[in-house]
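So the structure is just underneath, and the comments pick up after that.
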Amino acid sequence: MGTRTWTTVGPTREHDGPVSGPHSGFAASEVREALGPGPHSTYWHGVDPESPGLLRAHREMRAPTSRRAHRQAFRTMLYSGLVPMVAIALDHFCDDEGLTRFDLDVEALRPNVLALARHLLTLSPSAVRASPETGAGASHASALDVPALLAGPEDATLLTTALRRRDAEALVRERAIRAAQDCLERWEEPDARVVAALEELVFDPTAAMDDRTLAVIAPFDVPGPQVTAVLLRAAHSDVLPLQAEGALGLTHDDLIDQHRDLVASWPGGDDEPQRAWLVRHALRA
């Protein structure tokens, strides 16, 4: 984000004349959005701070009056000791329209944000009543978005634990897979434990099919024989959605030259999965 002069966010004086033209409505909407408050949160809509101090901090985070006040408000929420408020702070840290929307430098905040996200993942996931619109597990969803951005190889155990929680809510499982994907792509060397946990999920017949296919997709751009073995196993599976994703993964990077015959012989058929056309397209490329 480019350098911006800090301005107080709030009501602005309307200009003297009406805006006309085919795009005037769109332009006005864009201005309102740009000057309006930032996001409430990602997973905690409908949940507002009960204490006056935290309510003021939340409002300041959404519509900051200065960098100093913005930073202090974030810290107030982050160190509140209340799981929903900590999680809302984590949501603001991870959201592109959160802290950095107003040019707040977040570099110095990273270590403590990651530490608190790790801590939330050691606690039981939040109950439905804590975030009725999202449901159970919102605290873990908020926490998992942080390692997706910041975790290093030392967090491999944290990720494998999240991936192996078979009682996790659907949202939490999806965020765990996304976090594993982002980390594997970012780390210089793929962690064998994380890849193994994804493989377990791919071939767990009790898991939701969306989770299983997403777990195949997660290491697509990660080089190494362990990942290739997972893709080959999926391509040879008797479960069509897994076949399709495994075959598609084998079309990435240098794998297509080694496995073109296998991918070309993938059966498909009238009942082939929705993404199967991508396999055909990759073969023609």
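Computed from a prediction, not measured in an experiment: that's the story for all the values here.
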Cluster check L123, V128: I/L/V/M/F/W/Y, side chain < 4.5 angstrom: no

Under a 4.5 Å side-chain heavy-atom rule over Ile, Leu, Val, Met, Phe, Trp and Tyr, are L55 and M61 clustered together? no

Main chain of [Y], side chain of [X]: is a donor-acceptor contact present, judged purely on distance under 3.5 Å?
X	Y	result
S131	G135	yes
T160	A197	no
S66	A69	yes
S237	V239	yes
H140	A176	no
R129	A136	no
Q226	A192	yes
W44	M85	no

Check this for me, if you would: do [X] and [Y] make a salt bridge, where the nitrogen-to-carboxylate-oxygen distance has to be below 4.0 angstrom?
X	Y	value
R56	E60	no
R175	D145	yes
R166	D204	yes

Once rounded to the nearest 0.5 Å, what's the spacing between atom [atom1] of [X] and atom [atom2] of [Y]?
X	Y	atom1	atom2	answer
D211	L163	CG	CG	10.0 Å
D105	R67	CG	CZ	9.5 Å
L214	R173	CG	CZ	10.5 Å
D48	R59	CG	CZ	8.5 Å
Q243	D238	CD	CG	7.5 Å
C183	L158	SG	CG	9.0 Å

Does R212 qualify as a cation-pi partner of F203, given the criterion of NZ or CZ under 6.0 Å from the six-membered ring centre and within 45 degrees of its axis? no

Determine the minimum heavy-atom distance between [X] and [Y], stating which atoms define it.
X	Y	value
S126	A138	OG-N, 3.2 Å
A141	V172	N-CG2, 4.2 Å
A117	P147	CB-CD, 4.4 Å
D191	P153	OD2-O, 4.4 Å
P219	A215	CD-O, 3.3 Å

What I'd like to find out is whether the side chain of [X] reaches to under 4.5 Å of the side chain of [Y], using heavy atoms alone.
X	Y	answer
L90	L78	yes
E245	F220	yes
T42	S142	no
R71	L104	yes
V194	W187	yes
V47	S41	no

Any donor-acceptor pair under 3.5 Å linking the side-chain atoms of D91 with those of H40? no

Testing V113, I88, T100, L114 one by one against F93 for a side chain to side chain contact (heavy atoms under 4.5 Å, CB included), which residue passes? V113

Has E154 got more than 12 heavy atoms of other residues, nucleotides or ligands less than 6.0 Å from its CD? yes

Checking I177 against E174 for the side-chain contact (heavy atoms from CB on, under 4.5 Å) test, could you report, in this order, the C-alpha distance in whole Å, the side-chain angles of both residues, the deciding distance, and whether it holds? CA-CA 5 Å; I177 298 170; E174 187 262 339; 5.8 Å; no

For L184 and L198, what are the C-alpha separation, side-chain angles and deciding distance, and is it a side-chain contact (heavy atoms from CB on, under 4.5 Å)? CA-CA 11 Å; L184 288 172; L198 287 170; 3.8 Å; yes

Tell me which pairs pass side-chain hydrogen bond (donor to acceptor under 3.5 Å, both in side chains) where either residue lies in residues 114-124, with sequence neighbours left out. R118-D155

Consider salt bridge (charged side-chain N to carboxylate O under 4.0 Å, His left out). Of R193, R164, R233, which one does E199 pass it with? R233

Decide side-chain contact (heavy atoms from CB on, under 4.5 Å) for L54 and L82; before the verdict, give the C-alpha distance in whole Å, the side-chain angles of both, and the deciding distance to 0.1 Å. CA-CA 10 Å; L54 287 172; L82 302 173; 3.7 Å; yes

Using the side-chain contact (heavy atoms from CB on, under 4.5 Å) rule, take L99 and L109 through it: C-alpha gap first, then chi angles, then the decisive distance, then the call. CA-CA 11 Å; L99 301 183; L109 302 172; 4.2 Å; yes

